[in-house]
Amino acid sequence: MIKMIVRPKGTNDILPQDIWRWHKLEAMVHEQCACFGFKEIRTPIFEETGLFQRGIGEATDIVEKEMYTFEDKGGRSLSLRPEGTASVVRAYIENNLAGASLPVKLYYLGPMFRYERPQSGRYRQFHQFGVECFGTLEPTLDAEVIMLANELYHKLGAKNVVLKLNSIGCPDCRTKYIAKLQEELKKEHDKLCPNCQRRSTTNPLRVLDCKEEMCQATITSLPKIKDYLCPECSDHYEKLKHILQIWEIPYIEEPRLVRGFDYYTKTVFEFSVESLGAQNAVGGGGRYDKLVEEIGGPATPAVGFAMGIERTLLSVGETWEKAPDLDVYIVTIGDEAREEALLQLIKARKKGLKAEMDILGRSVKAQFKQAGKSGARFCLILGSDELKEGKIKLKNMQSGEETQLPKDDWLGGVNK
RNA sequence: GUGGGCAUAGCUCAGUUGGUUAGAGCGCCAGGUUGUGGCCCUGGAGGCCGUGGGUUCGACUCCCACUGUUCACCCCA
């Protein structure tokens, strides 16, 4: 027996019965971005491995163990993109997009790849929508990105979305803070969970994010980064919060919020929903003022955001109502009606109507049943009786009401 | 990479201390109605019980391995 080949672990087929959710979300994304003056960019799905090593950080989990890295026939090391920012930054530099007027506001939409154990809301191939803007330190830009995301979640119908906000400072103040943090963590070492004991050295900021009961008291007593921000970072953070207030965007200050990429500076934020279980972050982002430079471009401050599409759909998709697939289903009665039905079918489709007819030669009852299932708004009934007089019947499937019309003049009855 | 749960019809799930012919609901198809969907009634199709091994007279049921899947940890969208 031939072994059945199935889809790779952590990937999904998006089936015809579900694709409308994706189309709907994508349409809203394009509309929202147009509204905020963002232009779409499409970059390759794989890049030179070094781009991600430099951009995301050599020591992050993503680069260390989650990348799909392979060698091509020319001996180049390439990797499937695990996130979108590095590629967009590369494209921004390579194509000299800075040549246009600043700020440059871009967005992207597409698959990302990370080799992880799949679980609810986490897949090896998943999709992100993201925005990146380049060219100014102004906190208004941070706020604009947050505004775009926040409004999009609301338009999508997300309930109980919470915006968490923090500033992790620039390399200067953060370095000082981490040193202080590690000093304190060393003192409290015995009171921490095994994970945090390890994190104290590998990734001290992550300790702040620990959910273990036994760590909570210690975490609360640890120094807050807020108290270590340099005047510039502190001022930036205050101005950002002020703008968010002007725009009436609710947020929660979350001094413990840290994010997984090394490139963030100053502002970091995250959107989460309660209903999703452990993987409850539906999007996040922040400012990255050093990244463009690190990748080899001119020093350029920037802000970005990325939304997990699967997670977002999980949290909102069920509440959406599907638009009908069909405007009209043509029911034929008797063989002589079929030829006329073929003519009417193509006439309807040429007018842009979504139209179908039975091609399996089923009974009248079965045809109506099919029409009902398809959600067709109307049935066009072609029977030998009607056709003798050059008429057809149009049945409204919701009300059940039938009207008789001349056979070449029924399209008007299907008012959109 | 670590730990737990699960695997029976298209879907959701029953299946007794191991016993011969594996069930239900929903869905699908047909008929009841030779020209009318949704409700109702009747009938039908559809299963290597995840794969491989073991125990047994006998395994969907017990044991082992593998695979898949799922949840959680790590980390992240």
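Since this is a predicted model, take the numbers as computed values, not measurements. We name chains A, B, ... by the order of the sequence lines, and we start the count at 1 in each one.
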Next on the checklist: Below 30° counts as parallel, above 60° as perpendicular, anything between as tilted: where do the rings of A/Phe134 and A/Tyr92 land?
Outcome noted: parallel
Touch check for [X], heavy atoms < 4.0 angstrom, all strands: base, sugar-phosphate only, or nothing?
X	answer
A/Glu116	base
A/Met397	base
A/Lys395	base
A/Ile381	base

Nearest to the side chain of [X], heavy atoms from C-beta on, is which of [options]?
X	options	result
A/Ser384	B/A77, B/G35, B/G31	B/G35
A/Ile333	B/G35, B/A30, B/C73	B/G35
A/Ser120	B/A77, B/G35, B/C71	B/C71
A/Arg362	B/C29, B/C71, B/C75	B/C29
A/Glu386	B/G35, B/A77, B/C74	B/G35

Checklist entry - Applying a 3.5 Å limit to both distances, which nucleotide forms a Watson-Crick or G-U wobble pair with B/C6? => result B/G68
Checklist entry - Whom does B/G47 pair with, Watson-Crick or G-U wobble, provided both distances fall under 3.5 Å? => result none
Item to check | Proximity to RNA chain B (any heavy atom under 4.0 Å), residues of residues 261-270 of chain A only | outcome: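 Those residues are A/Phe261.
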Next on the checklist: Using heavy-atom distances to pick each residue's nearest nucleotide on RNA chain B, tell me which of A/Lys9 and A/Phe368 is more 5'.
Outcome noted: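 Nearest nucleotide further toward 5': that of A/Phe368.
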Item to check | B/A77 and B/G38, which share atom name C1', separated by this distance in whole Å | outcome: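 Comparing C1' positions in B/G38 and B/A77 gives a spacing of 42 Å.
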Protein N or O to nucleotides 3-7 of chain B N or O, pairs below 3.5 Å:
residue, atom, partner, partner atom, Å
B/G3, O6, A/Arg117, NH2, 3.2

